[in-house]
Protein chains: 2
Amino acid sequence: MNRKHGTESTRPRQADIARLAGVSQGTVSLIINGRASTGRILDETRDRVLSVAHELGYVPDPAARRLAGGRNRLIGIFTYESVFPLSHHDFYHPFLVGIEEQAERHGYDLVLFTSATGTSGERGIFVDGQNRIGLADGAIILGREMRTEEIVSLRNEGYPFTLVGRRDIPGEVPYVTADYRRGTVDAFAELARLGHTHVAYVSSSDDTHPAHEREAGYQEAAAALTVVELDGSQSADGLAGSLAELIATGTSAVVTHYAETAIEVEAALALRGIRVPDDVSILALNDPPDDDPSIGGLRIPRREMGAMAFDLLIDQLESDDPEHAPIRRVLPTGFAAGRTVAPLPQHRRNA
Amino acid sequence: MNRKHGTESTRPRQADIARLAGVSQGTVSLIINGRASTGRILDETRDRVLSVAHELGYVPDPAARRLAGGRNRLIGIFTYESVFPLSHHDFYHPFLVGIEEQAERHGYDLVLFTSATGTSGERGIFVDGQNRIGLADGAIILGREMRTEEIVSLRNEGYPFTLVGRRDIPGEVPYVTADYRRGTVDAFAELARLGHTHVAYVSSSDDTHPAHEREAGYQEAAAALTVVELDGSQSADGLAGSLAELIATGTSAVVTHYAETAIEVEAALALRGIRVPDDVSILALNDPPDDDPSIGGLRIPRREMGAMAFDLLIDQLESDDPEHAPIRRVLPTGFAAGRTVAPLPQHRRNA
DNA sequence: AGTAGGTGCAAATACGCATTTGCGCAAATG
DNA sequence: CATTTGCGCAAATGCGTATTTGCACCTACT
């Protein structure tokens, strides 16, 4: 349909190289792919073809490669939200850093599936009944939101992918996540080590995997301390009110699920004359936001998670075993005291 | 070479649907793509085919589609540094936001050329003699650094691309940039409007296009004001010393090329008891860094630049005219007073 | 009745590349 | 000298889809 006149600057194809070098297209393919030995090509021919290819600026068409049954060394990145969101651009960024790092190391290019938006305006892996991500050899799927049924379809198609952040998907899928449970346990342990014996815990009501894991960690750690549980769904000011009383009666640390909560609580406490960390330590079980990086608490190894996700995916791709078991990795979290976590002050030791 | 794994029922193809529905593959294609009217297909046939397709869970192969379509609807993003740098990730991000926005709107996917790192460890458009970015239909080239000769080669190959941030490339290339010159003029005008008549100007010795434009803008604006020029290559403390004297003798505003300089100067002035903006206004001719967004001065419309770059590229791609003239856009900058720019204080009016 | 026009689809072709097969030639072998 | 072997490549084939072309068959009209 779209054959234009000769002047049209169309991308060079193997056939063009073949014509100029006086060989056949198949020969060009062999040479380009380094299969020259397989096909028994003269060095002289090889050099001639390569030089023509270079002159023409030839680059293989990824779609054709993939169609022909080969691989195209393209790894996809899919997110249900914008990859580069305006607001919390800090969320995806560390993952991307890790992914880019490994992609560079392994010589893969990355594809961002920005076309995966249907007429309805919804992003999805399958849009209007079509798989939008199949162009790449495999994909890394990021994000807080995720449509389970799409993930399942993907797996059923046998398409290689890795999830970042574990999801409870029916059946087994490869994923990378952080060990929120253990991180939570460690955080409480750290508080204990600093002398805190009476701790307030502000949970979240989220139904996400990390929230559950944090909750589990809390349950496990609570035994060793005196813990009071507070309802995280109330306002920061309400929380601060309850906390003020608790602090007066011996509570010296507060643990929240989210850094945002911690920050709000800190501000609300300040209004009541309670200072952090002098009067009370505050610790979040999540990464701090960009604009206030010094909240103490867990540090999620996002960059490492991204890199690991890439590696797992490559594993799948390069494994010849069709029954390659889904691989999972659970990475340890870090901990930072930040400006809000301090040892129990001397004067409160016997409170 | 890679026969689909035996156990996995291979994905259904249009041919499968065709067989089951008793039609030809081409007919299936017409129907799947809603071209039924073009091909004059009976409603009955259409429904039958669609129902079979649905039963089989048919999903078109994107690679095949792109092959057949000629183009691959892939737009590349190239940078000489990491696309996701660890440090100033604030630099590329706004551009990427704009690009992603438009890519999504136009139904294109984005490719990050992470494989464009040669054995030497250097990033480049041409690595080991191979054009690494030709994979995409076109590319947007970002970054402070840029290798002129590569850009020239690209253009000579007829490869469609757009630069973000104008460069002085031999010959004509399509680009998007901000109007630093006009922005600079406007910034000085704004100072004048606020009552400042005596201004200090700290230039940079950079040999970049934006630096030259700022310089030009300064030359143009300087006529209307009393301006003292300071050597930007000295230390912040040295600058502060000179400035202190100037301020004592009537200078009420400082203009620097870089926000970083402005911040350092502000700090150095503070040590000398000079306060911003009470004693002197400070204004930068560049975007503020992430960690101190309230420095007054120019605001570069990076997001819009990204979006515009994408649009220009699409223009090239979808234009049938091979001799499509290179398009350029120069976007207006914004201005923000931030916390450092204020009207000339009353008590200094007659200084 | 004979022809023109229309309709609904099959068939053919192309997209760019990977892979396999086969052919002509020359050297080696018996 | 007849025959096998090996070499270097051309040619053919397939991947899954989109698009164009062609062809029966049918209707309407003269």
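Keep in mind that what you see is a predicted model, and the values were worked out from it rather than measured. Per chain, numbering begins at 1; letters A, B, ... match sequence-line order.
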Quick one: is D:dC9 close enough that its OP1 or OP2 comes under 4.0 Å of any side-chain N or O from A:Thr45? yes
Polar side-chain atom of B:Arg155 near backbone of B:Val173 as donor-acceptor pair, under 3.5 Å: no
Residues passing the side chain to side chain donor-acceptor pair (under 3.5 Å) test with B:Ser24, sequence neighbours excluded, are B:Thr27
Of the candidate nucleotides D:dC9, D:dG16, D:dA12, which contains the atom at the shortest distance from the side chain of A:Leu67? D:dG16
Which listed nucleotide (C:dG16, D:dG16, D:dA18) is nearest to the side chain of B:Ala64? D:dG16
OP1 or OP2 of D:dC9 under 4.0 Å from side-chain N/O of A:Arg40: no
By salt bridge (charged side-chain N to carboxylate O under 4.0 Å, His left out), A:Arg147 pairs with (sequence neighbours left out) A:Glu122, A:Glu149, A:Glu150
Rounded to the nearest Å, what distance is computed from the CG atom of residue A:Asp61 to the C1' atom of nucleotide D:dT17? 14 Å
Set of residues satisfying salt bridge (charged side-chain N to carboxylate O under 4.0 Å, His left out) with respect to A:Asp109, sequence neighbours excluded: none
Map B:Tyr58 and A:Thr27 onto DNA chain D by nearest heavy atom, then report which one ends up closer to the 5' terminus. A:Thr27
Among residues 16-24 of chain A, which ones have heavy-atom contacts with DNA chain D below 4.0 Å? A:Gly22, A:Val23, A:Ser24
Which nucleotide wins on minimum distance to the side chain of A:Ile41, given the candidates D:dC9, C:dC17, C:dC15? D:dC9
Which residues pass the ring-ring contact (aromatic ring centres under 6.0 Å, His included) test with A:Tyr108, sequence neighbours left out? A:Phe310
Please determine if a side-chain N or O atom of B:Arg35 lies less than 4.0 Å away from the OP1 or OP2 oxygen of D:dA18. no
Go through the structure and list residues passing ring-ring contact (aromatic ring centres under 6.0 Å, His included) with B:Phe161, not counting sequence neighbours. none
Contact under 4.0 Å: A:Ser29 side-chain N or O vs C:dG16 OP1/OP2: no
Among residues at least two apart in sequence or on other chains, which ones pass side chain to side chain donor-acceptor pair (under 3.5 Å) with B:Asp61? none
Kindly write out the residues that satisfy side chain to side chain donor-acceptor pair (under 3.5 Å) with B:Glu104, not counting sequence neighbours, or none if the list is empty. A:Thr117, A:Arg123
What I want to check is whether an N or O donor and acceptor connect the side chain of B:Gln14 with the base of D:dA18 at under 3.5 Å. no
Pick the nucleotide of DNA chain C nearest each of B:Leu42 and A:Gly26; which residue has the one closer to the 5' end? B:Leu42
Inter-axis angle, terminal five-pair segments of the helix from C:dA1-D:dT30 to C:dG30-D:dC1 [nearest 10°]: 70°
Checking D:dT20, D:dA12, C:dG22 against the side chain of B:Leu30 (C-beta onward), the nearest is D:dT20
Is a donor on one side and an acceptor on the other found under 3.5 Å between the side chain of A:Arg48 and the backbone of A:Ala21? yes
For C:dG16 and A:Arg13 - does any side-chain N or O of the residue sit under 4.0 Å from the phosphate oxygens OP1/OP2? yes
